Amino acid sequence: MATVVTIENLKDYVDQEVTLQGWLYNKTGKGKLQFLQVRDGTGICQVVVFRGNVSEEDFDAGKQLTQESCLRVTGRVKAEERAPGIPGGFELDATSLAIVQIAEAYPISPKDHGVEFLMENRHLWLRSSRQWAVMRVRATVVSAIRDWLDEHGFLNVDTPIITPSAAEGTSTLFEIDYHGEPAYLAQTGQLYNEANIFAFGKVYCFGPTFRAEKSKTRRHLQEFWMVEPEIAFCNLEQLMEVEEQFVSYIIQRCLTDRAAELQVLERDLSQLQNIAPPFPRIHYDVAVDMINKAAAAGELVPGYDDPVPAIEWGDDFGSPHETYVAAQFNKPVFVHHYPTQVKAFYMEPDPDRPEVCRSVDLLAPEGYGEIIGGSERMSDPQKLLESIHRHELPEEAYDWYMDLRKYGSVVHSGFGLGVERTVAWVCGLGHVRETIAFPRMLGIMRP
RNA sequence: UCCUCGAUAGCUCAAUCGGCAGAGCAUCCGGCUGUUAACCGGACGGUUGUUGGUUCAAGUCCAACUCGGGGAGCCA
């Protein structure tokens with residue numbers, strides 16, 4: 001056995017003899033010639049087995065290989081333009097081949113399959129090249145998130161997943177039994193983040209969050225990953241500058257580090273290459289006007305057959321409204337100053353117009369919807385207490401949160417970015433379920 | 001929770017007006033020296049989601065249920 005190498009590194013071993021170990025992805029052949037598509041987790045490489053170049057036993061072994069059988073194969077690396085693969089252009093001219101295991105009939109053939117079948121076989125589907133590419137992009141999105149924040153003075157301080165009921169209502173939370181006391185899986189780490197900034201200045205938490213909403217759409221999961229940066233001495237305008245730098249970095253990192261994967265996904269890169277600051281910023285008032293003009297003109301929601309529904313000032317955007325507004329731009333767009341009444345209790349009202357608040361959502365282009373929600377937080381203790389009362393929240397549950405406003409309160413802001421929606425956008429996918437290895441969706445938690 | 005669409009071989013689908021349930025792929029056997037979802041020949045493969053109803057006759061029509069897809073609301 002020669003040096004064991006990985007497929008992504010094959011380009012460094014041209015004309016050398018190496019060993020690959022992996023699984024048979026597909027094969028074809030012609031009598032005395034076999035073409036094996038072998039994947040090893042880092043890519044897919046074509047292995048050529050010619051009858052004269054290997055022993056009779058090894059040639060027969062090649063013929064026995066079924067899809068997903070695993071093998072070790074040794075041979076000479078050749079630069080060959082005709083060779084398919086990820087990356088293509090290199091193939092292994094086999095000199096010996098050993099079967100590790102012959103796989104039973106594999107359920108996922110290289111033909112079309114339905115979503116239900118593929119989801120039931122998610123543990124196997126991950127081996128398919130598109131799913132493989134998506135997970136590699138996801139890893140880069142996660143890595144880019146951490147790198148950018150770490151390099152810009154943010155401290156990673158993670159927040160609890162098991163929480164008391166303190167958030168706004170429990171209907172959308174998963175309840176668990178915490179040694180006899182009801183507790184809930186966190187749907188945000190934000191309140192704890194706010195405590196952490198007063199200790200560390202700029203922080204982020206990054207982990208899974210849980211929503212028990214009965215949402216069954218291409219944009220929703222019951223369990224998803226969210227990164228939530230929070231910044232002391234930061235107002236709404238400064239927050240938007242952070243967000244556009246952050247998101248642009250993530251996109252550009254994927255373009256440079258995952259070109260092969262995006263090619264497997266047949267992603268239109270021109271839609272991503274222009275993602276750079278500044279992003280357009282529109283006020284809620286302006287967005288409402290845009291929507292109502294489109295509604296009056298009978299315009300259709302891009303990608304759907306339904307007309308743009310009118311909106312009354314003061315209402316939160318519905319999904320079709322978001323889709324319409326986002327489609328007017330070829331970059332992510334900030335919509336800021338939403339009505340105070342539709343937003344969370346902790347968002348800072350505009351001092352001149354308290355009916356709107358210093359909140360901002362970032363809507364991704366191409367119909368990917370809201371990828372960020374954020375705001376400037378209320379920093380005045382008296383106003384915060386009034387807001388807690390107005391929202392009829394239990395004051396005693398927020399005693400520690402109120403403390404943050406008593407001991408050195410400063411203007412501060414933060415946001416949450418949904419990893420799955422971001423990955424779906426980068427990869428150009430029609431559904432967030434493909435952006436996480438084992439998605440948890442309404443009514444579905446297996447495998 | 002509501003609206004909407006769907007369920008036939010391991011997979012993707014077909015089956016005319018209600019009249020013998022069929023193809024491709026996968027798997028197995030055989031053939032082929034440059035294949036790109038190869039190709040050619042053969043074999044194997046069925047409780048038509050479940051229950052009930054209409055009918056001489058139901059994959060097909062009716063009802064309920066189960067499971068799944070898409071959407072609304074809500075959100076990242």
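Every heavy atom of this structure was used, including side-chain atoms; hydrogens, water molecules and symmetry mates were not. Bear in mind the structure is a predicted one, so any value in this text is a computation, not a measurement.
B/G31 atom P lies 16 Å from atom CG of A/Leu33, rounded to whole Å. Between A/Glu434 atom CD and B/G70 atom P the separation is 10 Å, expressed in whole Å. Between A/Arg433 atom CZ and B/G69 atom P there is a gap of 6 Å when expressed in whole angstrom units. One atom, CD of A/Gln34, and another, C1' of B/A38, lie 14 Å apart when rounded to the nearest Å. Taking atom OH of A/Tyr25 as the reference point, atom C1' of B/A37 lies 10 Å away to the nearest angstrom. At whole-Å resolution of the value, CD in A/Glu81 and C1' in B/U36 are 15 Å apart. For A/Asp361 and B/C74, the CG to C1' distance is 13 Å, given to the nearest whole Å. One interatomic measurement links the two molecules: CZ of A/Phe317 to P of B/G73, which rounds to 13 Å at whole-angstrom precision.
Closest to the A/His113 side chain, of the nucleotides B/C11, B/A37, B/G34, is B/C11. The side chain of A/Asp112 sits closest to B/U12 out of B/A72, B/U12, B/C75. Residue A/Thr66 places its side chain closer to B/C28 than to any other of B/G70, B/C28, B/A76. In this structure, of B/C75, B/G69, B/U33, it is B/C75 that holds the atom nearest to the side chain of A/His220. Residue A/Arg82 has its side chain nearest to B/U36 when only B/A76, B/U36, B/G69 are considered. For A/Lys30, counting side-chain heavy atoms from C-beta on, the closest listed nucleotide (B/C75, B/G34, B/G71) is B/G34. Looking at the side chain of A/Phe35, the nearest of the listed nucleotides B/G34, B/U12, B/G71 is B/G34. Considering only the side chain of A/Lys214, B/U1 comes nearest among B/C25, B/G34, B/U1. Listed nucleotides B/C75, B/G68, B/A37 differ in distance to A/Ile444; the shortest reach to its side chain belongs to B/G68. For A/Asp316, the side-chain atoms get nearest to B/C75 when compared with the rest of B/U36, B/A76, B/C75.
Stem analysis of RNA chain B (at least three stacked-register Watson-Crick or G-U pairs, each with both distances under 3.5 Å) gives B:1-7 with B:66-72, B:10-13 with B:22-25, B:27-31 with B:39-43, B:49-53 with B:61-65.
Put simply, A/Tyr106 does not rest on the base of B/A26: the two rings are not both less than 5.5 Å apart at their centres and under 30° in tilt.
Proximity of the aromatic rings of A/Phe317 and A/Tyr284 is defined here by a centroid distance below 6.0 angstrom, and this criterion is met.
Taking the C1' atoms as reference points, B/U1 lies 35 Å from B/A58, given to the whole Å. For the P atoms, the distance from B/U8 to B/U48 is 11 Å, rounded to whole Å. Of the P atoms belonging to B/U60 and B/C2, the separation is 27 Å, rounded to the nearest Å. To the nearest whole angstrom, the two C1' atoms, one in B/G34 and one in B/C29, are 25 Å apart. Comparing the same atom, C1', in B/G10 and in B/U16 gives a spacing of 29 Å after rounding to whole Å. Taking atom P on both nucleotides, B/G18 is separated from B/C62 by 11 Å, rounded to a whole Å. Nucleotides B/G73 and B/U55, compared at atom P, are 47 Å apart to the nearest Å. B/G49 sits 6 Å from B/A7 when the C1' atoms are compared, rounded to a whole Å.
Applying side-chain hydrogen bond (donor to acceptor under 3.5 Å, both in side chains) to A/Thr74 and the options A/Thr19, A/Asp58, A/Thr95 leaves one that passes, A/Thr19.
Residue A/Gly52 is out of contact with every strand shown, counting any heavy-atom pair closer than 4.0 Å. Using a 4.0 Å heavy-atom distance criterion, A/Phe117 is classed as a sugar-phosphate-only contact. When heavy atoms are screened at a 4.0 angstrom cut-off, A/Arg51 is found touching no nucleic acid atom at all. Looking at heavy-atom distances under 4.0 Å, A/Leu221 makes contact with a base.
Look at A/Asn26 and you'll find a side-chain N or O under 4.0 angstrom from OP1 or OP2 of B/A38. Distances shown here put a side-chain N or O of A/Ser319 below 4.0 Å from the OP1 or OP2 atom of B/A72.
Annotation for A/Leu36 and A/Gly62: closest pair CD2-O, 4.4 Å, computed over non-hydrogen atoms. Listed here is the closest heavy atom pair of A/Thr188 and A/Met226: CA-CE, 4.2 Å. Residues A/Leu97 and A/Ala61 approach most closely at CD2-CB, 3.9 Å, considering heavy atoms. A/Gly189 approaches A/Thr159 most closely through the heavy-atom pair CA-OG1, 3.4 Å.
A donor-acceptor contact under 3.5 angstrom links the side-chain atoms of A/Ser215 to the base of B/C74. Taking only distance into account, the side chain of A/Thr28 meets the base of B/A38 through a donor-acceptor pair shorter than 3.5 Å. A donor and an acceptor atom sit less than 3.5 Å apart, one in the side chain of A/Gln46 and one in the base of B/U35. Below the 3.5 angstrom threshold, one finds a donor paired with an acceptor across the side chain of A/Glu91 and the base of B/G34.
Across the interface with RNA chain B, nearest-nucleotide mapping of A/Glu120 and A/Gly369 shows A/Glu120 to be the residue nearer the 5′ end. Positionally, the nearest nucleotide of RNA chain B for A/Val115 lies more toward the 5' end than for the other of A/Val115 and A/Val342.
For B/C17, the base adopts the syn conformation, since its glycosidic angle falls within 90 degrees of zero.
The closest donor-acceptor contact from the side chain of A/Glu299 to the backbone of A/Val308 lies at 3.5 Å or more, if one exists at all. Within the 3.5 Å criterion, the main-chain N or O of A/Ala212 finds no donor-acceptor partner in the side chain of A/Gln187. Under a 3.5 Å cut-off, the side chain of A/Lys331 and the backbone N or O of A/Pro280 do not form any donor-acceptor pair.
Interatomic distance, A/Leu239 CG to A/Arg377 CZ, rounded to the nearest 0.5 Å: 7.5 Å.
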Exercise. Given the rule in the side-chain hydrogen bond (donor to acceptor under 3.5 Å, both in side chains) test, do A/Gln46 and A/Arg82 qualify, once you have shown the distances and angles that lead to the verdict?
Worked result: CA-CA 10 Å; A/Gln46 172 158 279; A/Arg82 291 172 291 183; over 6 Å; no
